[in-house]
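Only one structure is covered here, and it is reproduced in the block below.
Numbers here simply count residues along the sequence, with the first being 1. Remember, it's 1-based here, ligands and their atoms both numbered in the order they're listed. Keep in mind that this is a model prediction, so the values were computed, not measured.
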Amino acid sequence: MSGQYGYAGSILRVDLSARKITTVPTIDYADRFLGGRGIAAKIYWDEVAPEVKALEPENRLIFMTGPLAGVSPGVGAVRWLVCGKSPVTTPEQFSYCNLGGSWGTELKYAGYDGVVVHGKSDKPVYIFIEDGKVEIRDASILCGRNTLETREMLKKKLGGRVRVVAIGLAGEHLSAIATILADNDASGSSGFAAVMGSKNLKAIAVKGSGRVANAGREKLIELNRQFREMRKTSPEQSIWGAGVTPAKKKLDICRGCNLGCERLVYENKAGRKGKFICGQVNFYTGRAARYYGEQDWQEVPFDAAMLANDYGIDVFAIGPMLTWLSRCHRAGVLTDENTGIPLSKMGSLEFMEILLNKISLREGFGDVLADGITRAAGLVGQGTETFITDYLSKGEQATAYDPRYFITTGLLCAMEPRMPIQQLHEISRLFIGWFQWAGKSGRPYLSTDVCRVVAKRFWGTELAFDLSTYEGKALTAVNIQNREYVKECLILCDWAWPILTVEFSDDHIGDPSLESKILSATVGKEIDEAGLSRIGERVVNLQRALTAREAGGSDTIADFHFTMPQKNDFLNPSGSAPGKDGEIIDREGAMLDRKKFEEMKREFYQLRGWDATSGLQTRAKLEDLNLKDIADVLEQRGLVV
Ligand code: SF4
């Protein structure tokens, strides 16, 4: 126990080159950066020089929890994240991924708020952490095995209670689209499995029997009650996997959360169990349905997702890859013969087995695909570069919550190294509720009037909910970023937070102050909504400094958003949208206006206190946010005004 409420007290540091294990006090970082993304970004800022490549030993892989994990039960606060330089970003830069399950809580119970791994082992190893004891152990026997087998072997050796985060063959072979996989099939993207592979680190196994104290048990019980009351909804069917799921399913609850959400575990007829949700459901369902037609195909999407998990490959990168491969195949550039992959059988399980296997082993054409389709298109040439220019967004993922419709999401994406999915969810969730109201389906309480009040309360302006104009979008983006960065520091679950709306209340307006109340009760230090938002702003600025140092940047998004009309959005096929004064307008076929987008960006820079023309941060703003040390470093590089 650290004596500091909310935190385990130490961050573990493992130098694999020197085989040296040390710790630093979490408090060294927590005062200014709170936890999670904030602390990880500061460690990275201090330790990873901009010139370091993602797969070089000097890159850091930082596993972080937040001050609520395992301490404030039942409020969706048990998630953890991984940060470091990502091999899948262009250019390579600081990035992040966020995972659920039980590994993060276990780490805190083992005595650590985070683990910073650097260096490179001269042979394959895994790290074993048990109640303050840490060992670097030989992993030769685990090499060449996929994630699930690795997990099972370590559980057998170390005891079933051990929690494991591991890489599969894709990570071992340094694929930039490789994912790490932890217990409860929690997976993390940004190519960090390749970073683990580059360090010869196969897994981190954790076992903890300690506890971390909170400062206000009674208060937390009351806040938990309020939180659950606000989250109550009418019974609804899961939106995931309707009609395609294997026979059995049950809720999968992350350790210490108890909320229950859309996170489900499925079991197929063969008895194979696994998490099946969101992109895992979507990435192969349509193709399997088309390929198998009348045949029994319902388990194929599940089996394909389980294969991707096992190899440790990002399904969000495979989805766009299938589009590119299909177009190359139709154009006659890629064939079954010249790739050794049965492209003509796309949609079948056989195709997916061969594709994932070849990518993971970098075998034949799999080597061309292993770092994603941007690189693959460059290698293949013959015009295939144009087959990705109408849908591919950042980090090898397809565009989502399309900026052509939402406008604000364009700004949010432009400022980040990868698709900032939590930020996109914050705004799109309110609109999705409104689609149901406007279409007279689902939960009908999110009327235009309610949504406008919610927009004003959470994002500072009703114009956030008016898609007829670019006005108000910069302010909306600033407020969403601040809140979502706080969420990533605490680390609160995206399924549950923020509480924007309440179904069973008179005004249906959610509570943006709940996060600060829960934090205050946990750590025993009063912090209000504005104070928490300021921490979010500080971490936004820290990450902005990282981006400036590593990527320079024009803060833009893929060109097609400005040149090609959006069509048939699956969330809102009608294209209807809220306009001025509650009028319903049609945004089907919308595109972003480049001039207005640039004006919106300048307004965003101004609201952030940055230079309105260049987007460079200002010393005044950084010092105001208690980031003088960051300003000093930026100044040496001419990156602050
Ligand atoms: S709400 Fe769901 S995904 Fe989020 S922490 Fe709880 S159980 Fe996990």
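Note that Arg37 lies in the cation-pi zone of Tyr485, set by a 6.0 Å cut-off to the ring centre and a 45° limit from the axis.
Between Phe406 and Phe431, the gap from one ring centroid to the other is short of 6.0 Å.
Those atoms of ligand 1 with a heavy atom of Cys257 less than 4.0 angstrom away are 1 (S), 5 (S), 6 (Fe), 7 (S). Every atom of ligand 1 with a heavy atom of Cys493 under 4.0 Å away is listed here by number and element: 1 (S), 3 (S), 4 (Fe), 5 (S). The atoms of ligand 1 that sit less than 4.0 Å from any heavy atom of Arg79 are 3 (S).
If you check which protein heavy atom lies closest to atom 2 (Fe) of ligand 1, you get Cys261 SG, 2.2 Å.
Under 4.0 Å is where a charged nitrogen must lie from a carboxylate oxygen, and between Glu152 and Lys155 no such pair does. In this structure, Lys232 pairs ionically with Glu229, as a charged nitrogen and a carboxylate oxygen lie closer than 4.0 Å. A salt bridge is absent between Asp310 and Arg151; no separation between the charged side-chain nitrogens and carboxylate oxygens falls under 4.0 Å.
Metal site remark for atom 8 (Fe) of ligand 1: Cys254 contributes an N, O or S atom at a distance under 2.8 Å.
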